[in-house]
Amino acid sequence: MTKWDTLHRIEGLYVGLLTQEELEIFNKACRTNDARRSYEGAGGAMGLAKVRLFSLASQERSDG
């Protein structure tokens, strides 16, 4: 499974529910501005972040 497969699968999940491997992939994606933490909705009001991705389609094209 590629990092993009993982990111696509975890988008919308709460960051606190990620496995250690998923969290590492997500944190790397945050550092490269491919993903971010989003504090939206009721969960966000309680301080719970969701996984959100930036422009996944363009990144997949550039990675081949």
Side-chain angles (χ1 to χ4, degrees):
M1 183 175 282
T2 69
K3 76 173 186 175
W4 293 112
D5 291 333
T6 300
L7 288 171
H8 212 344
R9 185 174 48 77
I10 66 172
E11 183 176 20
L13 295 179
Y14 288 107
V15 174
L17 296 177
L18 302 180
T19 66
Q20 185 63 36
E21 181 182 351
E22 292 167 341
L23 186 58
E24 289 174 12
I25 291 170
F26 173 66
N27 284 333
K28 286 180 186 177
C30 287
R31 286 192 295 274
T32 59
N33 292 321
D34 293 321
R36 65 182 176 92
R37 286 170 172 76
S38 174
Y39 294 91
E40 61 195 61
M46 294 186 295
L48 302 174
K50 284 187 177 181
V51 174
R52 290 295 179 217
L53 304 178
F54 292 117
S55 189
L56 182 61
S58 66
Q59 291 298 327
E60 287 176 327
R61 286 193 299 271
S62 68
D63 283 354

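In what follows, residues are counted from 1 in the order of the sequence shown.
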Given the rule that I, L, V, M, F, W and Y join up when any side-chain heavy atoms are under 4.5 Å apart, are [X] and [Y] in one cluster?
X	Y	value
Tyr39	Leu17	no
Leu48	Val51	no
Leu13	Val15	yes

How long is the span from the [atom1] atom in [X] to the [atom2] atom in [Y], to the nearest 0.5 Å?
X	Y	atom1	atom2	answer
Thr6	Met1	OG1	CE	5.0 Å
Arg37	Asn27	CZ	CG	5.0 Å
Leu7	Asp34	CG	CG	7.5 Å
Thr2	Ile25	OG1	CD1	8.5 Å
Arg52	Phe26	CZ	CZ	10.5 Å
Lys3	Lys28	NZ	NZ	8.5 Å

